[in-house]
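Computed from a predicted structure; not experimentally measured. Each chain gets a letter, A, B and so on, in the order the sequences are listed, and its residues count up from 1.
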Amino acid sequence: MSSMPVVIFDNGSGYSKLGFAGNTDPNYIIPTAISSRESLGVPVSRLQCEDLDFFIGEDAYQNQKTHNLSFPIKEGQINNWDDMERFWERTIYSLMSVEPQEHVFMLTEPPMNPPENREQMAEIMFETFDVKGLYIGVQAVLALFGSNLYKEKQNLTGTVIDSGDGVTHIIPVAHGYVISSCIKHIPIAGKDITKYIAKALKDRREPIATEDLMDAARVIKEKNCYVCKDMDKELLRFNDKAEWKNYEGIGRTTGAQINAKVGPEMFLGPEVFFSPGKFTRDWDKPLDECLDSTIQGCPIDLRRDLYSNVVLSGGTTLFKNFHHRLQRSMQQRVNDRLARYAASSGNTPKPIECKINAYKTQRYAVWYGASMFAASPEFSRVVHTREEYLEHGPSIARRNVVFGSGV
Amino acid sequence: MMSIDPHHPLIIDNISALLNSTIDLTNLLFKLTDYDGIQYVISGQNTDSLCFTVLAPQLASVGEAGGYESIQLNYPGFPIAIDEGSYSILIDRSQLPDPSLGEERKLRANDIANKFSMFRTHFLSGPFIKALKNVKSGTAFQPKEVLIRPNEKLWVIPGENRVNFIFQVNFSDHTDGSLSRVFLQEFVEAKRQVPNSPVITFSQNPPEAMSMFKGATLPSTIGFLCITVLKEQIRQEAETGQWLAGLKQYLTYHLHACKTYLHMRMRKKTEGLLKVLKNAVPDKLEEKTFRRVRAAKTRREESKIVYNFN
């Protein structure tokens, strides 16, 4: 039964990407949400199987009238194991429709995930679902694996900007290993942009009910938002009402039609990455400055590679022109520094090329990388099998061998 | 969700998308898996036809026992090709209503997709339906041994106005095995609560009814589940067959759900115990008093200084 395909779960704080290895697209992209009867702890009665009365994904939103909606993953890390276990149970049985005993599973984890979490993941997968094998991959490395550059150069060195719904990370990777001392965490992500748009809509008194506001903002963020070249000029453009866009939707609970106008928040939302000081008090460094300082903190012989291979991953990097703007401001920054160096020392240094890669599979770059990896022949050598688990216990999951090193 | 949906959601998605589109199907190929170790390969034959191939180790055994008949009954009008170890059905897109009849075409395509998503259930319920039909009509038939899953067997044994289905229950995991024993005992007990339910017995040793197969080597198993269906109990053969075919999945699903539930309770319990432990740590009384005294002292001195300044 070794021909059974590997099942890949990439659970992010916003969306979960699920599918079989070897495909180019995940089979499902569903919100990582679960709605169950009980608010805290365990269901009371066992006679009626109350513990099975829960919904996941879109259905969780649909049933939030009668059930309590919760999100088991916060900032990329699993914080409610009960919910996560049930989420996996439902995805395995009703979405993927596979028998877990016959498949190898691949899960992903954020960088800096404590090893205890990894052990817990392995425990659930092996003890509850009796999976045949398990591999836990680091999201950043998988994203790099899925990028075109790996295919061309077979080199796993680069910087990954992973920006999802809950968290943004800048992660330098050298030869397949994450340089964990240099990871930068930015507390701005998709959710903040959604919140900002929701606030803008509310302030302008658009006719949207409070319970639909976040959904509407999310749809606007995914459909209309883009990154502009110059914020002030773009703002002037919106004085003309003809530039405004329409939003049409349906109220989740009422079922009524919603019609609203969408204005400058279309570019002001994503702008939070480039001029955060104007929008939030928590953070004032623009993304390009963070990226630059992250790479400057890395070992000197890696820096050129890190500059020339920046990979974007996650849904929040999908805004139109995001990579152009980032590339322009990065190149500017690097050139300025080189010019300063030239002026002070009199030497002309070799120019540094900054390259931000954007590609089709960016939204689920991690999943795509995982799919490529699981389908490659190296995978069978690194996966933890059931026999190993029974022999050594969950501690085997602490170490997940990095593939591709020394390639 | 008490039971697993017999439809395979991925097959519905893929086939309905392909049938509703007008793309060239020639180079298309993708694979899907299902319960019971069944794999599907959906491949394009030419621009307009799809080949739905099923691969499974138990294909021939189940097919001869009634699976093939069930498929022919459920998929009329689709050409079928049987090969060694594989079973293919051709779907012709050009047979669908014209694209100009948008809605009708869509309905028909979705209908086909829905039908194929039930393939496993239709196929595996074949032996059960055949036996049930025979009992109902009073036709005599030979006892059969069917390989229903890669490592599990089913024995269909006719009796007087009744049929015995004996399932071999196998779990690779020890915990699963022990839990399943408890579960299957509950099945036996169900007779008390559900009127007119079939007689179910569960035993570690092969039941009497299958004495004619004793000579055959039996692999080690958790036990044997025997479901006896009487002639009077047979009403809807197809539905009963579907339930019987999904028995193992139902069992596994509930075992896993049960383990999840137990884990939830364990976590809750640990949390409670940790709380008790935390409360048991004695307060550091002395240090507290010291701090309080010192704080009061400094405050007094500070106020003195302020007082002096004023």
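- Atoms CD and CG, on A:Glu127 and B:Asp173 in that order, are 7.5 Å from each other to the nearest 0.5 Å.
- Across all non-hydrogen atoms, the minimal contact from A:Ser94 to B:Pro9 is O-CG, 3.3 Å.
- Taking A:Leu390, A:Leu95, A:Ile124 one by one and counting their heavy-atom pairs under 4.5 Å with chain B, the maximum is reached by A:Leu95.
- Atom CZ of A:Arg86 and atom NE2 of B:His263 lie 14.0 Å apart (nearest 0.5 Å).
- Taking a 6.0 Å sphere around CG of B:Asn279, one finds it holds more than 12 heavy atoms contributed by other residues, nucleotides or ligands.
- Put simply, the side chain of B:Tyr261 does not reach to within 4.5 Å of the side chain of A:Leu52, judged on heavy atoms.
- A:Glu85 has a carboxylate O that lies under 4.0 Å from a charged side-chain N of B:Arg267, or vice versa, which qualifies the two as a salt bridge.
- More than 12 heavy atoms of other residues, nucleotides or ligands sit less than 6.0 Å from atom CD1 of B:Ile82.
- Of the inter-residue distances, the one linking B:Met264 atom CE with A:Asn80 atom CG reads 8.5 Å to the nearest 0.5 angstrom.
- The distance from the OG1 atom of B:Thr260 to the CE atom of A:Met84 is 12.0 Å, given to the nearest 0.5 Å.
- Of the atoms belonging to B:Phe30, not a single heavy atom falls under 4.5 Å from chain A.
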One pair to check against side-chain contact (heavy atoms from CB on, under 4.5 Å): A:Met96 and B:Thr33. What are the steps and the verdict?
CA-CA 9 Å; A:Met96 299 303 292; B:Thr33 56; over 6 Å; no
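- Across all their heavy atoms, B:Tyr253 and A:Arg90 have their closest contact at OH-NH2, 4.0 Å.
- Remark: B:Glu189 CD is packed, more than 12 non-hydrogen atoms of other residues, nucleotides or ligands lying under 6.0 Å away.
- To the nearest 0.5 Å, the span separating CH2 on A:Trp88 from NE2 on B:His256 amounts to 14.5 Å.
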Which is it for A:Asp130 and B:Phe171 under the side-chain contact (heavy atoms from CB on, under 4.5 Å) test, yes or no, and what are the steps along the way?
CA-CA 10 Å; A:Asp130 311 320; B:Phe171 281 98; 5.9 Å; no
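- In this structure, A:Asp82 does not pair ionically with B:Lys268, as no charged nitrogen and carboxylate oxygen lie closer than 4.0 Å.
- Within the 3.5 Å criterion, the main-chain N or O of B:Tyr35 finds no donor-acceptor partner in the side chain of A:Glu99.
- Salt bridge annotation for B:Lys259-A:Glu89: absent, with no cationic side-chain nitrogen under 4.0 angstrom from a carboxylate oxygen.
- Heavy atoms of other residues, nucleotides or ligands lying less than 6.0 angstrom from CH2 of A:Trp81 number more than 12.
- The parts of B:Thr252 that come within reach of chain A are both its backbone and its side chain, each placing non-hydrogen atoms under 4.5 angstrom from that chain.
- Residue-level contacts of residues 26-33 of chain A with chain B, in order of numbering, are A:Asn27, A:Tyr28; threshold 4.5 Å between heavy atoms.
- Only the side chain of A:Phe20 comes within contact range of chain B, with heavy atoms under 4.5 Å apart.
- Here the straight-line distance linking atom OG of A:Ser97 with atom CD1 of B:Ile11 works out to 8.0 Å at 0.5 Å rounding.
- At most 12 non-hydrogen atoms from other residues, nucleotides or ligands lie less than 6.0 angstrom from NZ of B:Lys31.
- Contact detail for B:Gly37 and A:Met4: the closest heavy-atom pair is CA-CE, 3.6 Å.
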